[in-house]
Amino acid sequence: MKISSFFDNFLKKNTIFLNKEALQSSYLPDKVLYREEQIMEVANILAPSLRIEKPSNLFIFGKTGTGKTLTVKHLLTQLQQTAQKNNISLKTVYINCKLKRVADTEYRLIAQLIKEFNQHIPPTGLPTDEVYNIFYSLLDKKRQVVLLVLDEIDQLTKKIGDEILYNLTRINSELKNAQLCLIGISNRLVFSDNLDPRIKSSLSQEEIIFPPYNAFQIQTILKERAHHAFQPNTVKSGVIEKCAAYAAREHGDARRAIDILRIAGELADRSASPHIEIYHLDDAEKKIEHDRVINITIDQPKQFQSVLYSIILIAHQKEIFFTGEIYDLYKKICQKTKLSILTQRRVSDIIAELDMLGLINAKIISKGRYGRTREISLALTKDITIKLKEIMEKALSLA
DNA sequence: AGGTATTCACATGAAACTATTCTCTGAGTTAGG
DNA sequence: TAACTCAGAGAATAGTTTCATGTGAATACCTGT
């Protein structure tokens with residue numbers, strides 16, 4: 001078959017999508033369902049910014065996929081519009097602290113902030129306080145309120161401590177004209193517990209908790225999105241319900257539900273099926289997990305992959321195993337591949353990371369007289385494991 | 001038997017080091033006037 | 001003399017290493033009955 005005719009066919013083929021964007025995670029719907037209460041609360045807290053008064057700092061908690069980001073973004077745009085209409089100098093900045101190489105360190109966070117003010121900051125080479133100073137003067141240039149949203153703020157402090165937050169909360173006392181209001185968003189409810197008390201008190205002047213959606217709510221949300229995203233009558237009955245049930249099982253994560261629905265749509269589309277069937281959902285769920293695992297591992301350093309490879313090899317033979325066994329095998333693999341051998345200390349950390357990523361299950365146990373170690377088992381399905389093994393053999397250029 | 005002390009095999013923490021990537025600075029060099 | 005080049009100093013960062021300290025409970029080692 002000629003490739004050109006393939007593309008021709010591709011264009012002619014009718015798709016079940018009407019507007020796929022409605023299912024993308026970047027999509028901002030016109031209205032945020034079932035979050036009226038929270039929206040009002042946040043709106044009340046942030047409203048003073050329209051009068052160039054500093055609103056209270058705000059902290060938002062809630063599990064993934066409970067609409068935190070959506071709500072805040074929604075409100076920010078509304079605020080912006082109102083401000084613009086009435087000629088109020090209000091600036092809103094949204095920053096996701098989790099983004100690698102964008103805002104995951106103190107330096108980069110500030111650099112990113114400066115970028116929001118249309119100034120370029122080199123990625124390295126400048127001292128951090130220099131960057132702070134630029135930021136200060138930029139902020140203070142005119143009388144204004146700046147709303148700074150830090151999404152996934154827990155990721156930031158986990159990595160580099162809470163000093164930045166302290167600096168940011170302290171900024172206001174050094175500013176003459178401008179006012180900075182912080183809005184933190186965190187997935188973890190316990191986040192503020194292990195924060196410096198000073199920061200905690202100034203940051204959590206107001207706290208709002210976003211409860212998970214229930215199955216019914218997710219259903220409505222999905223229907224709404226599906227209505228925008230798909231051609232009419234392409235979603236078989238029961239699909240939305242099943243999808244919602246999936247997500248409700250996982251603490252009401254709407255984002256996940258939407259992802260599954262989108263992937264299911266893509267799968268149906270690709271197989272030229274005129275409808276989305278229930279089995280597409282199952283396939284989608286598998287594919288999501290599959291892609292996640294592959295994507296995580298593929299751009300990890302070689303050393304990381306070697307450790308994972310050792311684990312996979314051992315997992316072939318037994319269900320559960322320990323740090324020491326992995327390290328021994330890992331050493332052998334390193335010799336074979338001529339990689340330098342990392343210390344056990346480091347490998348221990350890598351294993352902890354693998355646990356965090358959900359690729360393995362690790363639990364610290366004490367075997368009494370025979371020491372203390374991690375009890376480890378692989379947390380992946382057979383076919384993913386096999387695929388992963390292939391990928392890593394290629395990456396490590398093993399036979 | 002019952003109680004205490006050891007001991008193993010790591011876990012966990014902190015600090016310091018290494019290599020890489022990047023900027024800025026200022027000395028030296030070049031080319032044009 | 002102005003413009004250019006280029007080495008060196010200083011930063012930020014990821015990934016490690018080094019050194020130090022922590023830890024839970026199965027065993028070893030008492031103790032007195």
Side-chain angles (χ1 to χ4, degrees), chain A residues 95-115 119-138 152 155-168 190 193-196 295-311 314-315 318 320-335 337-357 359-377 392 395-396:
Chain A
I95 288 187
N96 189 329
C97 304
K98 201 180 66 180
L99 293 179
K100 286 245 175 222
R101 306 189 183 270
V102 177
D104 58 346
T105 70
E106 180 170 22
Y107 183 94
R108 293 212 265 250
L109 176 64
I110 306 295
Q112 189 63 27
L113 282 172
I114 293 172
K115 211 167 158 196
Q119 280 236 351
H120 178 71
I121 282 291
T124 171
L126 292 185
T128 307
D129 20 341
E130 180 76 21
V131 183
Y132 262 109
N133 286 335
I134 297 173
F135 179 56
Y136 283 152
S137 54
L138 221 49
E152 317 233 17
Q155 301 287 324
L156 187 66
T157 54
K158 194 177 75 190
K159 220 182 135 187
I160 48 177
D162 42 21
E163 218 172 297
I164 326 158
L165 296 184
Y166 181 65
N167 287 337
L168 285 176
V190 291
D193 290 353
N194 33 26
L195 228 50
D196 187 313
N295 281 335
I296 286 173
T297 46
I298 206 140
D299 45 29
Q300 290 293 348
K302 280 236 164 56
Q303 297 290 3
F304 189 98
Q305 295 181 349
S306 326
V307 175
L308 183 54
Y309 185 65
S310 319
I311 291 174
I314 295 182
K318 40 176 152 174
I320 56 170
F321 37 91
F322 309 101
T323 304
E325 300 172 67
I326 294 171
Y327 189 61
D328 286 342
L329 181 58
Y330 159 81
K331 274 194 287 194
K332 277 186 207 149
I333 287 173
C334 280
Q335 277 164 11
T337 56
K338 304 219 166 151
L339 280 168
S340 53
I341 299 172
L342 297 182
T343 32
Q344 180 161 289
R345 176 72 187 81
R346 178 64 188 133
V347 172
S348 179
D349 276 351
I350 291 177
I351 291 173
E353 279 174 53
L354 286 168
D355 184 29
M356 288 275 297
L357 291 168
L359 302 190
I360 59 175
N361 296 315
K363 187 168 78 183
I364 296 144
I365 55 155
S366 176
K367 293 192 288 172
R369 190 72 227 276
Y370 304 105
R372 221 164 100 91
T373 182
R374 282 197 174 88
E375 184 186 80
I376 299 161
S377 62
M392 265 172 314
L396 302 169

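Residue numbering restarts at 1 for every chain, and letters A, B, ... go by the order of the sequence lines. It should be emphasised that the depicted structure is a prediction, and the values quoted were computed from it without experimental measurement.
Scanning residues 126-137 of chain A for heavy-atom distances under 4.0 Å to DNA chain C yields A:Leu126, A:Pro127, A:Thr128. Contacts between residues 338-346 of chain A and DNA chain C, defined by a heavy-atom separation under 4.0 Å, are made by A:Ile341, A:Leu342, A:Thr343, A:Arg345, A:Arg346.
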A:Glu353 vs A:Arg346, salt bridge (charged side-chain N to carboxylate O under 4.0 Å, His left out): CA-CA, chis, key distance, verdict:
CA-CA 11 Å; A:Glu353 279 174 53; A:Arg346 178 64 188 133; 3.6 Å; yes
Run A:Tyr330 and A:Gln335 through side chain to side chain donor-acceptor pair (under 3.5 Å) and show every step you take.
CA-CA 9 Å; A:Tyr330 159 81; A:Gln335 277 164 11; over 6 Å; no
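A salt bridge links A:Arg108 with A:Asp104: the distance from a Lys NZ or Arg NE/NH1/NH2 to an Asp or Glu carboxylate oxygen falls below 4.0 Å. Salt bridge A:Glu325/A:Lys318: present, at least one basic N to carboxylate O contact under 4.0 Å.
At whole-Å resolution of the value, CG in A:Asp349 and C1' in B:dA15 are 14 Å apart. In this structure, CE of A:Met356 is placed 12 Å from P of B:dT12, rounded to the nearest angstrom. For A:Lys367 and B:dA11, the NZ to C1' distance is 14 Å, given to the nearest whole Å. Computed from coordinates, the A:Ile364 CD1 to B:dC10 C1' distance equals 10 Å when rounded to whole Å. Rounded to an integer number of Å, the gap from CD of A:Glu375 to C1' of C:dA26 is 16 Å. Distance, A:Lys363 NZ to B:dA9 P: 20 Å, rounded to whole Å. The nearest whole Å value for the distance from the CD1 atom in A:Ile365 to the P atom in B:dA9 is 13 Å. Remark: C1' of C:dT27 and OH of A:Tyr370 are 7 Å apart, rounded to the nearest angstrom.
Minimum interatomic distance between A:Ala111 and A:Ile121 (heavy atoms only, all atoms of both residues): CB-CG2, 3.7 Å.
Distances shorter than 4.0 Å separate some side-chain N or O of A:Arg108 from OP1 or OP2 on C:dA14. Contact between the side-chain N/O atoms of A:Thr323 and the OP1/OP2 oxygens of B:dA11 is found at a separation under 4.0 Å. The side chain of A:Thr105 contributes an N or O atom lying less than 4.0 Å from OP1 or OP2 of C:dT13. Checking the phosphate oxygens (OP1, OP2) of B:dT12, a side-chain nitrogen or oxygen of A:Arg374 falls inside 4.0 Å. When the side-chain nitrogen and oxygen atoms of A:Lys302 are compared with OP1 and OP2 of C:dG15, none of them lie within a distance under 4.0 Å.
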Would you tabulate the nitrogen or oxygen pairs shorter than 3.5 Å linking the protein to nucleotides 1-5 of chain B?
none

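Checking side-chain atoms of A:Ser310 against main-chain N and O of A:Ser306 turns up a donor-acceptor pair under 3.5 Å. A:Gln305 places a side-chain N or O within 3.5 Å of a backbone atom of A:Thr297 that can act as its donor or acceptor partner.
Remark: A:Lys159 NZ is packed, more than 12 non-hydrogen atoms of other residues, nucleotides or ligands lying under 6.0 Å away.
At least one test fails for A:Lys302 against the ring of A:Tyr309: distance under 6.0 Å to the centre or angle within 45° of the axis.
Heavy atoms of A:Lys159 sit under 4.0 angstrom from primed sugar atoms or phosphate atoms, though from no base atom.
Annotation: of the two residues near DNA chain B, A:Pro122 and A:Ala352, the 5′-most nearest-nucleotide partner is A:Ala352.
One distance of note links CG of A:Asn361 with CZ of A:Arg374; it measures 12.5 Å at 0.5 Å rounding. Rounding to the nearest 0.5 angstrom, the gap separating the CD atom in A:Gln303 from the CD1 atom in A:Ile341 is 9.0 Å.
Distances from the side chain of A:Arg372 to the nucleotides B:dA11, B:dT7, C:dT23 place C:dT23 closest.
Applying the 3.5 Å distance criterion, the base of C:dA11 shares a donor-acceptor pair with the side chain of A:Thr124.
Contact of the A:Val307 side chain with the A:Phe304 side chain is not registered, since no non-hydrogen atoms from C-beta on lie closer than 4.5 Å.
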